[in-house]
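Index from 1, following the sequence. Whatever order the structure lists them in is the order used to number ligands and atoms, beginning at 1.
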Amino acid sequence: MKRRAQGWIFLVALAVLLVAASAAPARAGQVQPWAVLIGPGFDRYLPGTDVWSIGLAVVGDGAGTDVPVLAAASVSLDGDSLPAAAVVLRDKPWAMAAGRVSLSELTWLKSRASAALAGRAPDQSELLGLERVGRRLAAVLREAEGMCLTVTGRSSIAGGAHRLAVTLDYQVGRTKVSVTEEVQVLVASVPDAPGWYPADLHMHSTYSDGNKSIGGLKSDLASRGYAIGYVTEHTSALMSSGVFDSMSDSYPADCKAASDLGTSMFPGAEMAVGHGTWLGWNGDGHSLAYGISSTAGLNDNTWGPQTGLDKVRSNNSPLSSPGIAHPTHFWYPWEDWTVLRYYGIELMSGYQWYFDVNSGPATRWRSECARLQAYSDSFRPSVRSGSDYHSSWYPYVTHVKLPSDDAWTEGTWEDRWVAVSAALRDGRTTISRKGSLAYVTADGYDVGSSLVRAVGQTISFYIHFRPIEAGSYTLTLYRDNCASTVWTRSISAAANSTYTWTHSYSYPGSSHYYWLYVSGPDYCYTTPIYMHP
Ligand SMILES: [Zn+2]
Ligand SMILES: [Zn+2]
């Protein structure tokens, strides 16, 4: 009886809804349309670069059956509007937030991200909020086809930071929605020092799901000041097309053909690992492969995390090395943190708004350094960054230390491939968000080194910092997982000037590791230097 009464109530309610819907089609009850323009926040070009190409996306909601139509677009540079002839905008559909992120959350995220861009470190609660909203936004953006803003005629612009402001007006039914975004464009050479080469260590081309050829990637990297581009195609695409069964196949051959002494491209891979469950396959994350000479044994979605890492390592041993991609990714986080024998973790990758020492990726990296310090003679979780380019650049820099400049300039492409891959395996890396170069040596030994020292022995640390942007920076040389501060300085720095310090330190005995962290307008991390008694 009761059940039958509920059924009648339901049918009556349904009839009322149907009448209401037909009386007021589409409009009634529809959410007021809103949208937010999301950009990379930051981009970087070498002086003299004529074309800037910046990825953007619009996240919105409430459009219902009304398709948003772009009615007007205006772009200004340092407050002056650019002529239409200098601007090409490839418009794409909105990414629908569909309740996953709200207008107020995105407005807050953008304001915090721009404050962080200017050098204001977020406090812990802001950081947690940034990561929480950032992950949900990244999941929405993953479904978006990014729009591309191309600005031409910029070759004579002055060096330094510029403000590129974009305003787009959409008509959604009878409602007008206006969105704006500001991108900091830094026109600067990437800071250098003897032996250090700037790299992007994670990108996809048309060999898998990227939108540019390897030659196209190379041109973009060259205009942004990179010497090294390590292409990391999904192994499923490489293997099904048979383009990397050996170093003479088309994938490595295309890398070699696109390379010159300014910017060289190398053939790597990205392999999904996981484990079987009674429901099927469960992905445990993505590993990156460097120094491999084929895709033999690197089948996607086939290996458990440790077996997958070992497959990469044995592929072209001892040159090859596996790394862990985007450890806290919204969709493909790395899950097995008991693994051994890997050589690097991405602390900066793809869409990311947080680079602080207490951010999720940095916290995970720090705990891995602590967990794995006993193995530092054979492998270490060195710091890595990569754009994870598919259609948008995020110009993080991994500076890779080669034995000497001769290792780059005197040899063949094969020699450069060997030198870069060996440096990645040995952990001779430092990373930065915008391109600054920060590194530390101990008694002349590079980051990634594992040294034996006597208790009480004096260690000579040398700290080197060359910021890509002027501003107030704090440099800290940490021991272990932030257990103590060995040395720290706050400085007001000029762009592309070199700042150096030496610090004498009495080695306290037992095993420790030391790494440099820089915060301010740019964020930098170095791979540790390890010491054992
Ligand atoms: Zn991935
Ligand atoms: Zn990737």
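- Closest N/O/S atom of H286 to the Zn ion (ligand 1): ND1.
- No other N/O/S atom of D388 lies as close to the Zn ion (ligand 2) as OD1 does.
- Looking only at atom types and distance, the side chain of D254 has a donor-acceptor partner in the side chain of Y207 under 3.5 Å away.
- Looking at Y343 and R380, their side chains never bring a donor and an acceptor atom within 3.5 Å of each other.
- The nearest N, O or S atom of H329 is not closer to the Zn ion (ligand 1) than 2.8 Å.
- Under the 3.5 Å distance criterion, with hydrogens and angles disregarded, no donor-acceptor pair is assigned to the side chains of Y290 and T232.
- Looking only at its N/O/S atoms, E270 has OE1 as the one nearest to the Zn ion (ligand 2).
- Judged purely by distance below 3.5 Å, without hydrogens or angles, the side chains of E233 and S205 pair a donor atom with an acceptor atom.
- With a cut-off of 2.8 Å, the Zn ion (ligand 1) has no N, O or S atom of H202 in range.
- Because its NZ or CZ atom is not both nearer than 6.0 Å to the ring centre of W353 and within 45° of the ring axis, R112 does not count as a cation-pi partner of that residue.
- At a cut-off of 2.8 Å, H326 is not counted among the residues with an N, O or S atom near the Zn ion (ligand 2).
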